[in-house]
Amino acid sequence: QLHLMESGGGLVQPGGSLRLSCASSGSTLDYYTIAWFRQAPGKEREGVSCISSSGLNENYADSVKGRFTISRDTDKNTVYLRMNNLKPEDTAIYYCAADYSPYSVFCVRDGGRYKSWGQGIQVTVSS
């Protein structure tokens with residue numbers, strides 16, 4: 001099982017930015033589709049964004065489209081989620097997840113597809 005680690009969360013003011021990182025120690029992420037999910041207190045888990053293993057496809061929830069960008073850095077074996085213009089409603093625990101899917105050219109934000117999950121990291125947007 002892949003071991004994933006999130007970093008980069010924290011407290012930010014509305015309108016601010018954060019970049020979350022999802023890294024794996026000891027295993028390459030090259031053959032994995034990676035997704036970011038979030039869960040706020042009392043709310044259902046939401047699929048925020050995903051990127052295919054090939055890097056050719058990415059998609060976003062409507063709630064973050066135009067503000068969040070997912071990307072992969074194969075040299076650093078890391079997937080990033082850049083979050084701009086953050087809003088209080090973005091406050092949640094953010095998780096990265098991986099699905100073994102070599103050369104995949106599509107991705108879906110369905111949590112059931114992902115077998116490996118990180119521990120999660122808190123993002124709080126507040127003034």
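Counting from 1, the numbers follow the sequence of the chain as shown.
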For the rings on F68 and W36, is their centre-to-centre separation under 6.0 Å? no

Same cluster or not: Y103 versus Y32, using hydrophobic residues (I, L, V, M, F, W, Y) connected whenever any side-chain heavy atoms lie under 4.5 Å apart? yes

Is the shortest heavy-atom distance from the side chain of S25 to the side chain of M5 under 4.5 Å? yes

Would you call K65-D62 a salt bridge at under 4.0 Å N-O? yes

From D30 atom CG to N77 atom CG, the distance as rounded to the nearest 0.5 Å: 6.5 Å

Spacing of CD1 belonging to I34 relative to OG belonging to S49, to within rounding of 0.5 Å: 11.5 Å

Which residue is it: E44, E89, E46? I am looking for the one with a salt bridge (Lys or Arg N to Asp or Glu O under 4.0 Å) to R38. E46

Do the side chains of V64 and F37 join up, straight or via other hydrophobic residues, at under 4.5 Å, putting them in one cluster? no

If only side-chain N and O atoms count, and only distance matters, is there a donor-acceptor pair under 3.5 Å linking S54 with S52? yes

How far does OG of S17 sit from CZ of R82, to the nearest 0.5 angstrom? 4.5 Å

Could you see if I121 belongs to whatever hydrophobic cluster contains Y80? Use Ile, Leu, Val, Met, Phe, Trp, Tyr and a side-chain cutoff under 4.5 Å. no

Are V79 and L4 in one and the same hydrophobic cluster, where Ile, Leu, Val, Met, Phe, Trp and Tyr link if side-chain heavy atoms are under 4.5 Å apart? yes

What's the separation between atom SG in C107 and atom CG in L56, rounded to the nearest 0.5 Å? 10.5 Å

Once rounded to the nearest 0.5 Å, what's the spacing between atom CG of L29 and atom SG of C22? 6.0 Å

